[in-house]
**Q** 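Before we start, here is the structure in question, set down as structure tokens.
The figures here come from the full heavy-atom set of this structure, side chains too, leaving out hydrogens, waters and symmetry mates.
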Amino acid sequence: MFIAYVILAALMSAVLLSSAAAKFTRPKRLVTQMSTLAVPYSLLPFLGAVQIAGAVGLIAGSWWAPLGIAAAVGVTLYFLGAVAAHLRVKDFPGIPPAAALAVAAVIVGLLRAATL
């Protein structure tokens with residue numbers, strides 16, 4: 001179970017860091033998406049920082065389980081917020097990726113909890 005946690009946490013961290021980088025560099029695709037979701041551009045650095053914190057927490061959770069579990073909960077809430085943002089503006093094509101990442105974050109948390 002621990003090896004599965006480490007692998008999935010590393011993959012989730014890579015996704016989070018990639019997404020965070022986009023929040024800071026603001027490529028056209030991201031700007032268009034955030035505009036569709038009515039997310040203010042001033043919020044992007046905060047969202048990027050939250051994603052970086054989640055990635056660091058998941059990796060550090062390999063050494064200290066409570067931190068890994070807390071990070072997984074935070075990442076789950078982050079992506080549930082993304083699902084809600086897509087639902088709010090009826091952007092239905094954006095829901096499945098955010099929902100899949102929320103489910104993956106739940107699985108990461110459960111894997112880490114199983115290795116206590």
Side-chain angles (χ1 to χ4, degrees):
M1 291 288 223
F2 180 73
I3 292 172
Y5 168 79
V6 171
I7 292 169
L8 196 52
L11 290 173
M12 178 68 77
S13 294
V15 168
L16 289 167
L17 293 174
S18 173
S19 180
K23 301 285 189 299
F24 290 110
T25 60
R26 297 180 185 186
K28 184 177 178 171
R29 177 189 57 79
L30 177 79
V31 170
T32 302
Q33 182 182 32
M34 291 297 147
S35 177
T36 300
L37 297 175
V39 173
Y41 298 128
S42 61
L43 195 58
L44 293 181
F46 172 74
L47 294 174
V50 168
Q51 289 180 315
I52 291 169
V56 170
L58 290 175
I59 297 302
S62 298
W63 290 277
W64 192 44
L67 181 58
I69 294 167
V73 169
V75 171
T76 300
L77 293 174
Y78 179 89
F79 285 113
L80 288 176
V83 169
H86 287 282
L87 282 171
R88 180 174 51 89
V89 297
K90 296 180 175 59
D91 178 33
F92 299 114
I95 295 170
L101 289 167
V103 169
V106 168
I107 292 169
V108 169
L110 292 174
L111 282 171
R112 192 58 181 118
T115 61
L116 286 176

**Q** If you measure from CZ on Phe2 to CG on Leu116, what distance do you get to the nearest 0.5 Å?
**A** 11.0 Å
**Q** Locate the shortest heavy-atom distance separating Ala82 from Ala98; write the atom from each residue and the value.
**A** CB-CB, 3.9 Å
**Q** What's the shortest heavy-atom distance between Arg88 and Ala38, and which atoms?
**A** NH1-CB, 4.1 Å
**Q** Does any donor atom in the side chain of Thr32 or Arg29 lie under 3.5 Å from an acceptor atom in the other side chain?
**A** no
**Q** To the nearest 0.5 Å, what is the distance between CG (Leu58) and CG (Leu11)?
**A** 11.0 Å
**Q** Strictly distance-based, threshold 3.5 Å: is any side-chain N or O of Arg112 a donor or acceptor partner for the main-chain N or O of Ala9?
**A** no
**Q** Starting at CG of Leu43, measure out to NZ of Lys23 and round the result to the nearest 0.5 Å.
**A** 10.0 Å
**Q** Which heavy atom of Ala105 sits nearest to which heavy atom of Ala72, and what is that distance?
**A** O-CB, 3.6 Å
**Q** Locate the shortest heavy-atom distance separating Val6 from Ser62; write the atom from each residue and the value.
**A** CG2-OG, 3.9 Å
**Q** When clusters are formed by joining ILVMFWY residues with side-chain heavy atoms under 4.5 Å apart, either directly or through shared neighbours, do Val75 and Ile69 land in the same one?
**A** no
**Q** Measuring from Ile3:CD1 to Leu111:CG, what's the distance to the nearest 0.5 Å?
**A** 12.0 Å
**Q** Taking Ser19 for the side chain and Leu16 for the main chain, is one N or O donor matched with an acceptor at less than 3.5 Å?
**A** no
**Q** Could you give the distance from NE2 (His86) to CD1 (Ile95), rounded to the nearest 0.5 Å?
**A** 7.5 Å
**Q** Tell me whether Phe46 shares a hydrophobic cluster with Met34, the cluster being built from Ile, Leu, Val, Met, Phe, Trp, Tyr side chains joined at under 4.5 Å.
**A** yes
**Q** Can you see which heavy atom on Ala55 is nearest to which on Ser13, and at what distance?
**A** O-OG, 3.2 Å
**Q** Could you tell me whether a side-chain N or O of Ser18 sits under 3.5 Å from a main-chain N or O of Ala14, the two making a donor and an acceptor?
**A** no
**Q** Using the rule that Ile, Leu, Val, Met, Phe, Trp and Tyr join whenever any side-chain heavy atoms are under 4.5 Å apart, tell me whether Leu44 and Leu37 fall into a single cluster.
**A** yes
**Q** For a quick test of reading the model, state the closest non-hydrogen atom pair linking Gln51 to Ala20 and the distance between them.
**A** OE1-N, 3.1 Å
**Q** Please check if Val103 and Leu8 belong to a single hydrophobic cluster, counting links between Ile, Leu, Val, Met, Phe, Trp and Tyr side chain heavy atoms closer than 4.5 Å.
**A** yes
**Q** Would you say Val39 and Phe79 are hydrophobically clustered, going by side-chain heavy atoms of ILVMFWY under 4.5 Å?
**A** yes
**Q** Suppose clustering is done on Ile, Leu, Val, Met, Phe, Trp and Tyr with side-chain heavy atoms closer than 4.5 Å. Which residues sit in the same group as Leu17?
**A** Phe24, Ile52, Val56
